[in-house]
Every structure is written in C-alpha cells, then in structure tokens.
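Single-structure report; data block below.
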Amino acid sequence: MPLISVSMYPGRTPEQKAELVAKLTDAFVETCGGTHEGVWVMLNEVAPENWGVGGELRG
C-alpha cells in the first residue's frame, strides 16, 4: 500500500486539502496502477519556524 507524504505550511482550506489528496491519488493510480482505495496520503502541516533550508531556519 503506497503512502504519499506531503509536508507544507499550514493555511490551506479543507477543500484545498481534499482536492490535493484526490489529485495525488489520481496521479499515482494513473502512473503506477493500483486502486484509489489502496493509496494513502498524509498531509503534514509544519509551521514556518520549524522549516530549515540551506542550513538556516525559515521562520
């Protein structure tokens, strides 16, 4: 069972999150096969102060 994990800043609406999950699932099934029911998507909302890029915190 594949798991797609997405880390992103908070602030998206429930509708945006639902659309993202649906489109990621569709893309996986179209590209790799399988069933929609077999694809898991995990959305991780991470505050900007907890992101680091290039050795420095973003927040």
Side-chain angles (χ1 to χ4, degrees):
M1 180 172 330
L3 168 64
I4 300 169
S5 178
V6 178
S7 295
M8 60 186 181
Y9 289 158
R12 276 67 175 202
T13 66
E15 294 80 15
Q16 288 173 313
K17 294 176 190 178
E19 184 176 356
L20 178 59
V21 168
K23 289 186 176 185
L24 287 170
T25 301
D26 288 343
F28 188 93
V29 171
E30 289 172 18
T31 304
C32 299
T35 65
H36 286 83
E37 295 76 19
V39 178
W40 290 24
V41 179
M42 181 176 12
L43 303 179
N44 303 299
E45 294 185 307
V46 182
E49 62 267 17
N50 295 323
W51 279 86
V53 177
E56 297 183 13
L57 285 175
R58 286 287 186 163

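We're numbering straight along the sequence, starting at 1. Just so you know, these numbers use all the heavy atoms, side chains as well, and skip hydrogens, waters and symmetry mates.
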Rounded distance [0.5 Å steps], OG1 in Thr13 versus CD in Glu19: 9.0 Å

Rounded distance [0.5 Å steps], CE in Met8 versus NZ in Lys17: 6.0 Å

Closest non-hydrogen atom pair, [X] against [Y]:
| X | Y | value |
| --- | --- | --- |
| Val46 | Ser7 | CG2-CB, 4.5 Å |
| Gly38 | Pro2 | O-CD, 3.2 Å |
| Phe28 | Val39 | CD2-CG2, 3.8 Å |
| Leu24 | Ile4 | O-CD1, 3.9 Å |
| Leu43 | Val21 | CD1-CG2, 4.0 Å |
| Thr25 | His36 | CG2-CD2, 3.4 Å |

Met1-Leu3 co-clustered via ILVMFWY side chain contacts under 4.5 Å: yes

Quick check on [X]: does its [atom1] atom have over 12 non-hydrogen neighbours (other residues, nucleotides or ligands) under 6.0 Å away?
| X | atom1 | value |
| --- | --- | --- |
| Glu56 | CD | no |
| Glu45 | CD | yes |
| Trp40 | CH2 | no |

